[in-house]
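Step one of this worksheet: look at the structure below.
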Amino acid sequence: IRLPSDKSLYITSVLRHKKGDSITVIDGIGNVYEALISEIKKGQVSIDILKKLSIESESLLKLILCQAILKGEKMDIVIQKATELGVKEIIPMVTERCVIKETRKTKRWRKIAEESAEQCGRIFIPTIHEPVDFPSLLRSHKSFKGFIFWEEGGKPLKDAVIRAGLKDLEIISSPIYLFIGPEGGLTYEEIKMAQEKGLIRTTLGKRILRAE
């Protein structure tokens, strides 16, 4: 396999690998392989796949993060850390109090997710969806299993998990949605809409946490 130029540059210039070195590669959809660097020519790296590996690094939960778009690098941090924590999908959403109402950063966020998955040893790269407005996202499903976090109060997370029927996490196969608001928080009307779709209003305590 001839690797893309950016991967070739990373292997040769950052990791300082040479011809004959063994490396581990992922395809981003659940497969991991041991490979051998067979050729480095004009900065272009070619590898031979030796064998498929069995690595268990994924969470049992199918967590889908619905994150209101944040300003500047805050959204980058969310993509990076959510990937490291095992989130399967990230849906950027535009809510009423979002400072940013549109963005063309989806390609950048997908690159961050890919690099974060490589760094932390995940075998799946999270799906980063195109941004969607909050009402449209809610209308796209009849109901949601999951939580919407609100700084103005709700059920303690432990109680919310029990109410959602997630006590035995090993048998949960359906997606679990986590809704997080923007810097200015979610409005009461948005919370009401979410609860009508089955999301449980949840609090992480009495202190106000930053959105990211």
Side-chain angles (χ1 to χ4, degrees), residues 4-7 9-10 14 26-29 58-59 61-120 122-152 154 175-204 208-212:
S5 56
D6 60 330
K7 304 297 181 189
L9 181 64
Y10 182 72
V14 179
I26 64 170
D27 61 7
I29 56 173
E58 290 297 315
S59 168
L61 301 177
K62 186 178 181 182
L63 294 174
I64 299 178
L65 173 63
C66 302
Q67 172 66 59
I69 298 174
L70 307 178
K71 293 186 296 183
E73 295 182 354
K74 292 180 180 179
M75 196 67 182
D76 295 354
I77 293 171
V78 169
I79 301 293
Q80 182 187 75
K81 299 307 174 187
T83 299
E84 292 175 7
L85 289 167
V87 167
K88 296 291 194 301
E89 300 178 31
I90 300 173
I91 304 176
M93 60 183 185
V94 178
T95 63
E96 192 174 326
R97 292 176 180 165
C98 276
V99 175
I100 298 173
K101 298 296 184 181
E102 60 178 296
T103 182
R104 294 176 182 158
K105 291 186 175 180
T106 309
K107 185 176 179 180
R108 169 187 171 85
W109 294 335
R110 286 172 180 159
K111 183 69 174 175
I112 290 171
E114 180 181 323
E115 292 173 349
S116 298
E118 292 170 358
Q119 180 270 320
C120 71
R122 285 192 63 176
I123 59 176
F124 281 95
I125 298 171
T127 301
I128 311 296
H129 294 268
E130 292 293 335
V132 61
D133 67 86
F134 184 79
S136 296
L137 176 57
L138 291 182
R139 286 196 297 269
S140 68
H141 290 65
K142 287 185 178 180
S143 64
F144 292 83
K145 180 187 284 288
F147 314 98
I148 186 160
F149 293 89
W150 201 35
E151 69 277 10
E152 294 190 35
I176 301 169
Y177 288 83
L178 309 175
F179 278 71
I180 306 289
E183 289 90 345
L186 294 160
T187 65
Y188 174 76
E189 289 74 20
E190 288 171 329
I191 293 294
K192 185 179 177 183
M193 289 168 58
Q195 288 181 298
E196 289 171 354
K197 284 289 188 173
L199 290 162
I200 301 171
R201 191 178 74 194
T202 312
T203 176
L204 291 173
I208 304 297
L209 305 179
R210 290 182 182 273
E212 69 272 22

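As the structure is a computational prediction, the values presented were derived from the model and not from experiment.
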Is the side chain of [X] donor-acceptor paired with the backbone N or O of [Y] at a distance under 3.5 Å, no angle test?
X: K197; Y: H141; answer: yes
X: E96; Y: E190; answer: no
X: K62; Y: E89; answer: no

Where do [X] and [Y] come nearest, in terms of heavy atoms and distance?
X: P126; Y: V87; result: CG-O, 3.5 Å
X: D133; Y: P135; result: OD1-CD, 3.1 Å
X: P92; Y: I69; result: CB-CG1, 3.9 Å
X: K88; Y: S59; result: NZ-O, 3.1 Å
X: G181; Y: L186; result: CA-CG, 3.7 Å
X: A211; Y: E183; result: CB-N, 4.0 Å

When you check the gap from the basic side-chain N to the acidic O, do [X] and [Y] get nearer than 4.0 Å?
X: R201; Y: E152; value: no
X: E189; Y: K192; value: no
X: E130; Y: R110; value: yes

Who are the side-chain hydrogen bond (donor to acceptor under 3.5 Å, both in side chains) partners of R139, not counting sequence neighbours?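 By the side-chain hydrogen bond (donor to acceptor under 3.5 Å, both in side chains) rule, R139 matches S136.
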Atom [atom1] of [X] with >12 non-hydrogen neighbours under 6.0 angstrom:
X: K142; atom1: NZ; value: no
X: Y10; atom1: OH; value: no
X: E196; atom1: CD; value: yes

Quickly, which of L137, T95, L65 forms a side chain to side chain contact (heavy atoms under 4.5 Å, CB included) with F179? Name it, please.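 Filter result, single survivor: L137.
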Would you compute the distance between atom [atom1] of [X] and atom [atom2] of [Y] and round it to the nearest 0.5 angstrom?
X: I125; Y: D27; atom1: CD1; atom2: CG; result: 8.5 Å
X: L70; Y: I100; atom1: CG; atom2: CD1; result: 8.0 Å
X: I90; Y: I79; atom1: CD1; atom2: CD1; result: 4.0 Å
X: I176; Y: I64; atom1: CD1; atom2: CD1; result: 9.5 Å
X: L204; Y: F149; atom1: CG; atom2: CZ; result: 5.0 Å
X: T106; Y: H129; atom1: OG1; atom2: NE2; result: 11.0 Å

Sequence neighbours excluded, every pair satisfying side chain to side chain donor-acceptor pair (under 3.5 Å) that has a member inside residues 69-80: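 For residues 69-80: D76-R108, D76-W109.
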For the residue pair W150 and Y188, categorise the inter-ring angle as parallel (less than 30°), tilted (30 to 60°) or perpendicular (more than 60°).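 Aromatic pair W150/Y188 classed tilted.
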Residue pair D6, K111: steps toward the side chain to side chain contact (heavy atoms under 4.5 Å, CB included) verdict: CA-CA 11 Å; D6 60 330; K111 183 69 174 175; 2.6 Å; yes
Could you check whether any side-chain heavy atom of R97 comes within less than 4.5 Å of a side-chain heavy atom of T187, counting everything from C-beta outward?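 Yes, at least one pair of side-chain atoms sits under 4.5 Å.
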C98 vs M93 side-chain heavy atoms within contact, under 4.5 Å: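 Answer no - side chains too far apart.
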Chi angles and distances behind the side chain to side chain contact (heavy atoms under 4.5 Å, CB included) call for K81, S116: CA-CA 8 Å; K81 299 307 174 187; S116 298; over 6 Å; no
